Every structure is written in structure tokens, then in C-alpha cells.
Asks: 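Handing you a structure now.
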Amino acid sequence: MALLIAVSGWDSESWAARFSALLPDHDIRRHPETTGDLSQIRYLLGWKTDPELVSSLPNLEVIFSLGAGVDHLLKNPNLPDVPMVRIVDPDLTMRMSEWVILQVLLHHRKDRLYRERQAAHVWKGEDVPSASAVRVGILGQGVLGADAARKLSVLGYQVAGWSRSPKSVEGVESFNGDDGLSAMLARTDILVNLLPLTPATTGIINYDLLSKLSTDGKRHPDCNAPVLINAGRGGSQVEDDILRALDGGTLAACSLDVFQSEPLPAASPFWDHPRVSLTPHCAADSDPQALSVYVAERIRAYEAGEGLINVVDRTAGY
Ligand code: NDP
Ligand code: OXD
């Protein structure tokens, strides 16, 4: 029985080499180079994998997502009814929190303005509110949202989080449900999205939502309007609405790691927008060895009869 690595956009050869070292007693294959007999595939390690391939593995037992998100697999209408395990790993979590904290600090400490002043050789400081005066709201209080929330709270920010179920994270105000969302937005200067992409979160970051953010300009760190930071999924954002909000003053600025279409098309107005910072979906790019060890350990535990952890709830969609 074999583990098939089918990861588009990644160097499958180096992943296969790592798994061969970690699971020397397993048959490690790569798609399409060494796929072989499909009936021998027991485990699939997938990232944006061809849906037809996923649906044509008759003896598949477990799907491993080579990412924390599983929208890339769940959009397959013919997904086999086997458990799907996602990545939950301290290395990935840490990197995401680093990215979120970096973006929050860049906006809070007016970095864009200072870069403009540096380019113009202008030696001039600005008043900046203390972190304790800045209210951060995080959409999603799962593994990633809760970690970023905790760390931002330690830095002194007033942090709140929104999730489906109520949470109790030290130093973080919890909101849930539709009413909870409006209440959190109304007290938010910097909005961070770390929601998974599901039918319920598709297009959730639209003009209506952005219009509900705090309008208490005195507290806004960046240009007297709120800021958006999105590292969840591009499918959760309505990009025309974000541009309208930026250009109409509803949003001061944004940091985007994810987009409706990736790679970001050359013609996208985000590339040259003066108040957009973008990164190429790399917010939580992790150590490949750490992710491989995680998957190999899950396989070993499963084969030892210990069951699986971090299994996706297919009904909830994450
Ligand atoms: P989790 O499953 O641990 O957390 C998801 C959170 O979202 C939970 O708090 C959940 O609520 C909440 N949620 C889901 N649906 C809703 C909804 N309809 N309304 C309110 N809250 C909702 O996921 P992770 O934290 O591990 O990852 C989050 C996402 O981050 C991934 O799905 C992926 O899309 C993205 N990601 C992006 C990366 C990048 O590089 N840009 C890297 C890794 C992940 P509850 O707690 O009540 O269940
Ligand atoms: C993930 C990602 O889901 O990198 O892990 O987007």
C-alpha cells in the first residue's frame, strides 16, 4: 500500500525524498511521475490536487491536506468519503502569527508613511497611539486566529475574536453569531481575517462588512480609517468592494496575502495600489521537514491503531 504525493505548485521530488526517509517501510509515489497502480494508494497527500485523481483511488483510507486549509479538496463534488486530516503544526502557526503581527505593527506604527518620507529624505516623526489604544478584531478563533490573538494581546493591543462558537482566550474578547460580528466590527480599528473558506465565509469581506468597522477616527493608527489584513482565503473577500472601500475612505489601507485568483493576475489594481501591501500567499509558508514529520507521525499513529487527529468536519467545511 502506498502514499501518493499529489501537490501542484510544489516540488514533489523533494517531498517524496523526505517521506522516503521518514517512512522507509512505505511505498512513496509522486503524481504524475510515479503514480502506478491506483488501487494500491492508501494515503493521499494533496495540495490543489486534480479532483479526478482524488476520486479515482478505490482503496484510499486517509487524505492529508498539505495545508491548514482544506477548501482546495472540499470543492471536489466527488470527494471520497474517507477522513481528511489537515495541518496543525506549531511551525505553521508561529509563522502565521509572525505575519499577522508584522502587518498589524506596520499599520500601527505608520510604516508606509515613513517609507514615503525616507524616499523624499524627510526627517519628521508622527504621533502614534499606544498599542493599548488600538483595537484589533480577528475573524476566526481557531488554531491560527487564537494564536495571533493571544500574541497581539501580549503586545498590548485590545484584541477581540469572532468564531462560530464562543471562546475563552485569555485577554481576548469573544464574539460569535451575526450580532456578535456587527458588535466586533464596530469596535475594530484593524480587522484580521483568518477564517477558512466555506460557503458561509465566501464573500464575507464585502462593502457592507467593511462599512461596519469603527468610524472613531481618533483611534485609528493609519490615516483615520480602519485597516484590513487578510491571510485566510481570497474567496472570502470581494475585491471590487475592497477597492471601493479604499478609494472612498472607508478603509485606510490593507495587507493581503490571499486573492480571489492566484497568482494575482498582472492586470489586478492591487499590484499598484498605494495603500495595499501584498504578499504572494506565503504568510505561513512553513518548514517542509516539520510538515513532513507531522504527516509521517499521523500515518504511524493511524497504523498503530491510535486513530487520527485534526480531522476535518466535512459538514462544517473546515
Ligand atoms: P481552524 O479550523 O482551526 O479555525 C477556523 C476558525 O474559523 C474557527 O474559530 C471557527 O469557529 C471559525 N469559523 C469557521 N466558519 C465560521 C463562520 N461561518 N462564522 C464564524 N466563525 C467561523 O482553522 P485554522 O485557524 O487552522 O486556519 C484558518 C484558515 O487560515 C485556513 O482554513 C486557511 O484558509 C487559512 N490559512 C492561510 C494560510 C496562508 O498562508 N495565507 C496558511 C494557513 C492557513 P469555531 O471555533 O467556532 O469552530
Ligand atoms: C494553508 C495555506 O492552508 O498555506 O496551509 O494556505
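Basis for what follows: all heavy atoms, side chains included, without hydrogens, waters or symmetry-related copies. Every number for a ligand or one of its atoms is a count from 1 in the order of the listing. Not measured: the values here are computed from a predicted model.
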Asks: With sequence neighbours left out, which residue pairs that include part of residues 247-266 fulfil the side chain to side chain donor-acceptor pair (under 3.5 Å) condition?
Replies: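 Sorted pair list: Q103-S255, H107-S255, Y207-T250, D247-H273, D257-T279, E262-H281.
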
Asks: Which atom pairs, donor and acceptor, lie under 3.5 Å between side-chain atoms of residues 305-313 and protein residues at least two apart or in another chain?
Replies:
unit_1: N310; atom_1: ND2; unit_2: Y294; atom_2: OH; d: 3.1
unit_1: D313; atom_1: OD1; unit_2: T315; atom_2: N; d: 3.0
unit_1: D313; atom_1: OD1; unit_2: A316; atom_2: N; d: 3.1

Asks: Just by distance, do the side chain of R187 and the backbone of V136 share a donor-acceptor pair under 3.5 Å?
Replies: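 Yes: the side chain of R187 pairs with the backbone of V136.
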
Asks: I need the R95 CZ to L144 CG distance, nearest 0.5 Å.
Replies: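 Atom-to-atom, R95:CZ and L144:CG are 13.5 Å apart.
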
Asks: If we ignore hydrogens and angles and just use 3.5 Å, is the side chain of N76 paired with the main-chain N or O of P51 as donor and acceptor?
Replies: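 A pair under 3.5 Å: yes.
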
Asks: Looking at N59 and S39, would you say the former's side chain and the latter's main chain have a donor-acceptor pair under 3.5 Å?
Replies: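 At least one qualifying donor-acceptor pair exists.
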
Asks: Check ligand 1 for close polar pairs with the protein: N or O on both sides, less than 3.5 Å.
Replies:
unit_1: ligand 1; atom_1: 2 (O); unit_2: R86; atom_2: NH2; d: 3.4
unit_1: ligand 1; atom_1: 3 (O); unit_2: R86; atom_2: NH2; d: 2.9
unit_1: ligand 1; atom_1: 3 (O); unit_2: V143; atom_2: N; d: 2.9
unit_1: ligand 1; atom_1: 9 (O); unit_2: Q141; atom_2: N; d: 2.9
unit_1: ligand 1; atom_1: 9 (O); unit_2: Q141; atom_2: O; d: 3.4
unit_1: ligand 1; atom_1: 9 (O); unit_2: G142; atom_2: N; d: 2.9
unit_1: ligand 1; atom_1: 11 (O); unit_2: R164; atom_2: N; d: 3.3
unit_1: ligand 1; atom_1: 21 (N); unit_2: R164; atom_2: N; d: 3.2
unit_1: ligand 1; atom_1: 25 (O); unit_2: V143; atom_2: N; d: 3.3
unit_1: ligand 1; atom_1: 25 (O); unit_2: L144; atom_2: N; d: 2.9
unit_1: ligand 1; atom_1: 26 (O); unit_2: R86; atom_2: NH1; d: 2.8
unit_1: ligand 1; atom_1: 26 (O); unit_2: R86; atom_2: NH2; d: 3.2
unit_1: ligand 1; atom_1: 34 (O); unit_2: G232; atom_2: O; d: 3.4
unit_1: ligand 1; atom_1: 34 (O); unit_2: R233; atom_2: NH1; d: 3.3
unit_1: ligand 1; atom_1: 40 (O); unit_2: A284; atom_2: N; d: 3.3
unit_1: ligand 1; atom_1: 41 (N); unit_2: A231; atom_2: O; d: 3.0
unit_1: ligand 1; atom_1: 41 (N); unit_2: D257; atom_2: OD2; d: 2.8
unit_1: ligand 1; atom_1: 46 (O); unit_2: K167; atom_2: NZ; d: 2.6
unit_1: ligand 1; atom_1: 47 (O); unit_2: R164; atom_2: N; d: 3.1
unit_1: ligand 1; atom_1: 47 (O); unit_2: S165; atom_2: N; d: 2.6
unit_1: ligand 1; atom_1: 47 (O); unit_2: S165; atom_2: OG; d: 2.6
unit_1: ligand 1; atom_1: 48 (O); unit_2: Y318; atom_2: OH; d: 2.5

Asks: So do M1 and Y43 actually touch side chain to side chain, heavy atoms under 4.5 Å?
Replies: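 Side chain of Y43 against side chain of M1, heavy atoms only: no contact under 4.5 Å found.
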
Asks: Using a cut-off of under 3.5 Å, which N/O atoms of ligand 2 pair up with protein N/O atoms, and what distance separates each pair?
Replies:
unit_1: ligand 2; atom_1: 3 (O); unit_2: A68; atom_2: N; d: 3.3
unit_1: ligand 2; atom_1: 3 (O); unit_2: G69; atom_2: N; d: 2.8
unit_1: ligand 2; atom_1: 3 (O); unit_2: R233; atom_2: NH2; d: 2.8
unit_1: ligand 2; atom_1: 5 (O); unit_2: A68; atom_2: N; d: 2.7
unit_1: ligand 2; atom_1: 6 (O); unit_2: R233; atom_2: NH1; d: 2.8
unit_1: ligand 2; atom_1: 6 (O); unit_2: R233; atom_2: NH2; d: 3.3
unit_1: ligand 2; atom_1: 6 (O); unit_2: H281; atom_2: NE2; d: 2.6

Asks: Are more than 12 heavy atoms, taken from residues, nucleotides or ligands other than D179, located less than 6.0 Å from that residue's CG atom?
Replies: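 No, the 6.0 Å shell around CG holds no more than 12 heavy atoms from other groups.
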
Asks: Verify, without hydrogens or angle tests, whether S236 (side chain) and G203 (backbone) share a donor-acceptor contact under 3.5 angstrom.
Replies: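 A pair under 3.5 Å: no.
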
